[in-house]
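So the structure is just underneath, and the comments pick up after that.
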Amino acid sequence: MALPLPPGLTHAEVAFLAEMELVTVVPRQRLESIELLGGKTPPLRPPHRTDLPLWLALLLKKQRRANIAPPPWLHPSSLSEIIKRETKENPTTFSEPPPPPARADPSRPGIASRGRDHDNDDDDGDVILSAPFRPSCTADAPAGYLPYHWLEVAESLLAHAGDDVASLGASAGEVRGLLRDLVEVRAAKMRSSTSQLEGFGGGLMSLRGVGAMELAESRGFVLGVVDGVRKTGASTEAARREEEEERGQDDDEDGESDEEMGI
Amino acid sequence: MSYYDIDSILTDAEKIPCTFQLDVPDLGYLDNTPTQPLKAGTRVNLPLWLAEMLVIANSGDIEGKPFVTFDLPPGLGNDVVQALKADPRAVPLRDQSPHFYGLAARLMELLDEKELATVLRKTFVVRASEIALHARKVGGLGQHKGKSAAEEGCNLGIGGAGEDFLRGLDESERKLFRKAHDGAKSGKEWMEGIKKH
């Protein structure tokens with residue numbers, strides 16, 4: 001009651017977190033490595049591609065010191081493939097999140113400490129890192145999969161590095177159009193996913209593959225629906241529990257009598 | 001549910017048709033006959049908080065006969081349930097009771113109506129996705145008034161059936177609408193504001 005904000009992150013907070021994602025830049029000027037709280041950034045040498053956090057990449061882009069290489073999943077053909085998959089092949093579920101980067105290139109230069117982490121999980125093979133620690137928005141990311149922060153990264157790249165996105169082969173407007181379609185398709189799925197709660201027993205909603213921004217948008221609604229279902233079904237649920245408990249007690253009694261017989 | 005939850009207080013005040021099974025002296029004023037005892041068989045509309053107490057208090061009567069029985073209010077009656085089964089979206093729940101789901105949940109604690117529970121759950125879920133649809137459509141309403149003809153057009157698009165549906169939402173559904181609407185609205189605001197940073 002005291003907090004004016006609803007539970008969960010707001011859109012601005014999600015967008016802020018998304019700025020920690022690594023993106024690939026093609027520098028135009030030399031820049032020595034900078035010491036940041038998250039570790040050192042790799043030094044920039046003009047023709048070589050380097051992974052930088054999104055916020056730094058956008059800053060350099062605005063100063064015309066670097067170009068951003070958009071992630072492969074932002075390619076129009078990848079986007080239309082995802083749309084096709086979302087509408088035709090799996091019209092009820094969200095498309096899969098990107099596979100864990102087990103086969104990611106270990107020599108890929110990242111921020112120093114993170115780079116070592118990647119080496120480790122390549123060795124272990126079973127460490128699955130979550131959103132900001134996976135290179136899901138760099139130029140090495142797999143095409144055809146939407147990472148956790150897809151909408152935020154795509155929108156900020158379109159807003160601030162539209163010319164770089166256009167270098168993929170389609171105009172920024174076209175990419176934006178595809179993104180809008182994707183947002184609409186997935187929003188419609190989010191709405192209809194509540195219908196999975198319709199019958200008793202099937203009280204699960206699968207939100208696998210949903211992005212952070214979509215979660216921020218639908219959190220209030222989805223929680224409201226689940227809470228409403230809980231309230232309307234509370235008495236039935238209580239009755240069912242009682243029944244189960246009684247049955248459990250019966251079983252216990254049976255068990256005891258069995259033991260007694262054994263003695 | 002908090003003690004100060006205004007919706008739960010208002011749900012408590014909803015009237016339930018009750019029938020007295022025994023003569024009760026000094027309760028005649030409930031039936032506008034203050035001088036006479038309340039006769040058995042009188043039907044009185046009692047608020048939920050009172051009806052609940054009377055029904056529970058008498059289930060352990062010596063004769064095994066509760067002195068108040070209650071029926072489902074017309075809003076939860078057979079007609080409405082049949083209509084809900086046919087198409088949950090077509091029933092204006094607000095006309096049945098402004099606190100439809102709250103009332104239904106409270107009554108189901110007293111009654112054991114499996115079928116009603118199933119119908120209600122289906123109703124809620126089906127209407128919820130309809131609510132989300134409308135909440136998203138009106139996302140720009142009020143913000144972009146007179147901005148462009150196209151936007152005006154898409155706002156006008158929800159008139160007619162959509163407005164009727166939204167008018168028929170009960171209180172908890174309105175809250176849900178508000179949540180869905182807020183989410184869609186802040187998403188839109190973020191999307192528009194991204195250029196500025």
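Worth knowing before you read on, the calculation uses all heavy atoms, side chains too, and leaves out hydrogens, waters and symmetry mates. Sequence lines set the chain letters: A, B, ... in the order given, protein chains first and strands last, and positions in each chain run from 1.
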Worksheet item: At their closest point, which heavy atom of V229(A) faces which heavy atom of V125(B), and how far apart are they?
Response: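 Answer, listing the atom of V229(A) first, then V125(B): CG2-CG2, 3.7 Å.
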Discussion item. To check you understand the geometry: which heavy-atom pair defines the closest contact between F124(B) and G224(A), and what is its length?
Written reply: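 Nearest pair, atom of F124(B) first, then G224(A): CZ-O, 4.2 Å.
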Practice prompt. Count the heavy-atom pairs under 4.5 Å between each of S172(B), A105(B), G102(B), G187(B) and chain A, then report the option with the highest count.
Written response: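 Of the candidates given, the most pairs with chain A belong to G187(B).
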Non-hydrogen side-chain atoms of [X] and [Y] separated by less than 4.5 Å:
{"X": "E152(A)", "Y": "W190(B)", "answer": "yes"}
{"X": "M191(B)", "Y": "R180(A)", "answer": "yes"}
{"X": "I194(B)", "Y": "S156(A)", "answer": "yes"}

Tell me, yes or no, whether the heavy-atom count around [X] atom [atom1], taken from other residues, nucleotides or ligands under 6.0 Å, exceeds 12.
{"X": "E115(B)", "atom1": "CD", "result": "no"}
{"X": "N45(B)", "atom1": "CG", "result": "yes"}
{"X": "R178(B)", "atom1": "CZ", "result": "no"}

Could you tell me the separation between the [atom1] atom of [X] and the [atom2] atom of [Y], rounded to the nearest 0.5 Å?
{"X": "D182(B)", "Y": "F221(A)", "atom1": "CG", "atom2": "CZ", "answer": "13.0 Å"}
{"X": "K175(B)", "Y": "D227(A)", "atom1": "NZ", "atom2": "CG", "answer": "10.0 Å"}
{"X": "H11(A)", "Y": "K185(B)", "atom1": "NE2", "atom2": "NZ", "answer": "12.0 Å"}
{"X": "S129(B)", "Y": "R191(A)", "atom1": "OG", "atom2": "CZ", "answer": "8.5 Å"}

Practice prompt. Measure distances from M213(A) to the heavy atoms of chain B and classify the residue's part below 4.5 Å as side chain, backbone, both or neither.
Written response: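 Contact with chain B is through the side chain of M213(A) alone.
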Worksheet item: Which atoms of A128(B) come close to chain A, meaning under 4.5 Å heavy atom to heavy atom: side chain ones, backbone ones, both, or neither?
Response: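 For A128(B), heavy atoms of backbone and side chain both lie under 4.5 Å from chain A.
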